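So that the names make sense, note that chain A is the first sequence line, chain B the second, and so on, each numbered from 1. Here the structure is a predicted model, which means the values were calculated and not measured.
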There are 2 protein chains.
Amino acid sequence: MDFKHDLFAQFARVGKALSNGNRLELLEFLAQGERSVEQLSTVAGLTVANTSQHLQQLRHAGMVTSRKEGLKVYYSISGDDIITLLNALRAVAERHVTDVQHLVNTYLTVKDSLEPIPRAELLERARAGLVTVLDVRPAEEYASGHVIGAVNVPLKNLEKWIKKLDKNQEIVAYCRGPHCVLAFDAVARLREKGIKARRMQDGYPEWKTAGLPVEVSQSGT
Amino acid sequence: MDFKHDLFAQFARVGKALSNGNRLELLEFLAQGERSVEQLSTVAGLTVANTSQHLQQLRHAGMVTSRKEGLKVYYSISGDDIITLLNALRAVAERHVTDVQHLVNTYLTVKDSLEPIPRAELLERARAGLVTVLDVRPAEEYASGHVIGAVNVPLKNLEKWIKKLDKNQEIVAYCRGPHCVLAFDAVARLREKGIKARRMQDGYPEWKTAGLPVEVSQSGT
DNA sequence: CTAGTAATCAACTAATCTATTGAATAGTTA
DNA sequence: TAACTATTCAATAGATTAGTTGATTACTAG
């Protein structure tokens with residue numbers, strides 16, 4: 001039964017693509033949308049050459065596609081099934097790898113008070129004008145796609161923004177995904193100032209994948 | 001942002017567990033239920049020591065648990081989320097790794113005529129007595145759990161069984177999972193004899209995970 | 001045509017992973 | 001207690017992988 005052996009070896013190619021932390025980080029970032037090699041290298045903190053090599057491995061595993069435009073090469077996730085796979089991986093890691101639980105609990109602070117608000121609920125409440133949706137990712141990421149009606153305030157501009165905010169307005173913050181720390185940070189800071197703030201469940205990629213309404217624009221801070 | 005780095009490194013531990021074909025094979029087999037190290041080693045065609053080591057890696061990644069009973073150690077999948085993860089991995093590999101498509105097409109023959117029958121549909125038709133459900137896995141695997149009402153005929157007994165079969169009875173065969181070749185084989189042979197036969201969608205682990213009715217018994221061929 | 005930029009390639013070292021071997025451990029049976 | 005079995009452990013050689021460096025390619029702009 002050599003067929004069986006070959007088949008599992010092929011499945012393992014996809015597994016191998018997931019076996020490196022840097023590649024997972026690149027994938028998570030790509031899950032938000034198309035990115036150039038340079039962008040990816042700075043976010044992940046890798047050299048350009050190294051990033052390029054990782055991206056090629058991901059491409060060979062069929063997980064990303066690339067497109068050349070002028071000097072730049074843009075990579076993107078090759079399908080929604082990749083996001084499903086990443087979520088399944090995350091779920092397993094969270095449930096079973098005790099170190100992950102430890103990390104999440106240690107760094108992401110006061111867990112219970114930061115319970116995320118489900119996507120469906122948020123959409124309703126935002127439509128009713130009950131909450132302001134806050135996108136704390138950098139401006140470029142916001143521009144390339146965000147939750148409908150969301151306001152973009154990158155973390156470094158948060159303090160300034162808080163000042164001119166109606167203290168009674170409830171805020172729901174989101175960023176790149178369930179483990180992106182930006183939204184946690186923002187919520188913590190807003191709460192310090194006495195503002196009612198919560199995190200959105202997961203992040204932009206999941207919102208988009210769930211088929212909920214998004215916008216693409218250039219509007220900044 | 002060292003937290004981010006650590007977190008992805010932890011996720012990669014799960015990815016690493018999936019990065020080897022032999023481990024994936026062990027997992028697929030474990031998805032059917034509890035197995036001893038020896039059983040696993042023979043199915044995967046590995047030495048006992050090597051199997052033991054792979055299993056320990058899977059345990060460190062939190063994907064399997066073990067239980068000692070007398071001389072034997074029994075391993076099992078640590079949760080349904082592992083099956084979800086395996087399915088997501090398979091889906092990605094099938095969709096994006098062209099070699100997998102090639103292998104499946106080459107070995108699993110006459111693709112279109114072997115379209116699988118969905119689980120829900122099968123359950124209905126089996127209940128109505130319209131089809132006979134055929135479990136072509138070895139007797140021990142059948143004994144440790146099978147689709148309700150299924151008849152166990154290991155592949156080697158198939159020819160004998162065909163002889164005493166009503167040619168008008170429709171057969172639906174299943175085995176270990178979507179890529180288990182046993183069911184393909186059985187369907188091909190049944191069709192040769194002019195019997196209406198199809199494969200069930202996926203295999204026993206998926207049936208069980210879907211919450212559909214199962215039986216545990218000793219009844220054999 | 002030249003200079004400059006984004007990405008890839010090629011070569012290399014250090015680190016990690018795989019499978020094998022033989023010994024050690026834990027539990028059973030006589 | 002001694003012999004036996006199932007599993008694990010420890011050491012090892014060979015293969016694979018990760019990241020660095022410097023050169024090369026493909027393209028743009030002057």
**Prompt:** Between dT21(D) atom C1' and L46(A) atom CG, what is the distance in whole Å?
**Reply:** 16 Å
**Message:** Side chain of K68(B), heavy atoms from C-beta onward: which of dA26(C), dC9(C), dT8(D) has the nearest atom to it?
**Reply:** dA26(C)
**Prompt:** Heavy atoms under 4.0 Å, any strand shown: does S19(A) hit a base, just sugar-phosphate, or nothing?
**Reply:** nothing
**Value in whole Å for how far the P atom of dA6(C) lies from CG of L40(A)** = 14 Å
**Request:** Return the value, rounded to whole Å, for the distance between atom CG of L58(B) and atom P of dT8(D).
**Result:** 12 Å
**Request:** Ignoring the backbone of L71(A), work out which of dT8(D), dA6(C), dA19(C) is nearest its side chain.
**Result:** dA6(C)
**Message:** Side-chain N or O of N20(A) versus OP1/OP2 of dA18(D): is the shortest distance under 4.0 Å?
**Reply:** yes
**Request:** Output the single nucleotide from dA6(D), dT8(C), dC17(C) whose closest atom is nearest the side chain of E38(B).
**Result:** dA6(D)
**Asked** So what does Y74(B) hit on the nucleic acid, given a heavy-atom distance under 4.0 Å: a base, only sugar-phosphate, or nothing?
**Response** nothing
**Asked** Phosphate oxygens OP1/OP2 of dT8(D): is one of them under 4.0 Å from a side-chain N or O of S52(B)?
**Response** yes
**Item:** salt bridge (Lys or Arg N to Asp or Glu O under 4.0 Å), paired with E28(B), selected from R23(B), R90(B), R176(B)
**Value:** R90(B)
**Request:** Would you please confirm or rule out a distance under 4.0 Å between OP1 or OP2 of dT21(D) and any side-chain N or O of N50(A)?
**Result:** no
**Request:** Could you label the plane-to-plane angle of the F11(A) and F8(A) rings as parallel, tilted or perpendicular, counting under 30° as parallel and over 60° as perpendicular?
**Result:** perpendicular
**Item:** Q32(A): which of K208(A), R137(A), H146(A) passes side-chain hydrogen bond (donor to acceptor under 3.5 Å, both in side chains)
**Value:** R137(A)
**Prompt:** Rounding to a whole Å, what distance do you find between R59(B):CZ and dT8(D):P?
**Reply:** 7 Å
**Asked** Between dT7(D), dG22(D), dA7(C), which nucleotide gets closest to the side-chain atoms of K72(B)?
**Response** dT7(D)
**Message:** Side chains of S144(B) and E140(B) only: does a donor on one sit below 3.5 Å from an acceptor on the other?
**Reply:** no
**Message:** Is the phosphate of dT8(D) approached by Y75(B) (side-chain N or O, under 4.0 Å from OP1 or OP2)?
**Reply:** yes
**Fill in**
With the side chain defined as heavy atoms from C-beta on, V37(A) is closest, among dA6(D), dA7(C), dT21(C), to dA7(C)
**Request:** I would like to know whether E38(A) and T42(A) meet side chain to side chain donor-acceptor pair (under 3.5 Å); could you show each step before the answer?
**Result:** CA-CA 6 Å; E38(A) 200 187 18; T42(A) 53; over 6 Å; no
**Spacing of L55(A) atom CG relative to dA18(D) atom C1', expressed in whole Å** = 14 Å
**Item:** R13(B) and M63(B), any side-chain heavy atoms less than 4.5 Å apart
**Value:** no
**Message:** Does dT17(D) have OP1 or OP2 under 4.0 Å away from a side-chain N or O of Q57(A)?
**Reply:** no
**Message:** I need the CD-C1' distance between E69(B) and dG27(C), as an integer number of Å.
**Reply:** 12 Å
**Message:** Using whole Å, what does the distance between atom P of nucleotide dA26(C) and atom CZ of R67(B) come to?
**Reply:** 20 Å
**Request:** Return the value, rounded to whole Å, for the distance between atom CG of N22(A) and atom C1' of dT17(D).
**Result:** 13 Å
**Message:** Taking only side-chain N and O atoms of Q53(B), does any of them lie within less than 4.0 angstrom of OP1 or OP2 on dT20(C)?
**Reply:** no
**Prompt:** If you check the R23(A) side chain, which of dG4(C), dA18(D), dT8(D) turns out closest?
**Reply:** dA18(D)
**Asked** Taking OP1 and OP2 of dA19(C), is either one under 4.0 Å from a side-chain nitrogen or oxygen of H54(B)?
**Response** yes
**Asked** Heavy atoms under 4.0 Å, any strand shown: does T51(A) hit a base, just sugar-phosphate, or nothing?
**Response** nothing
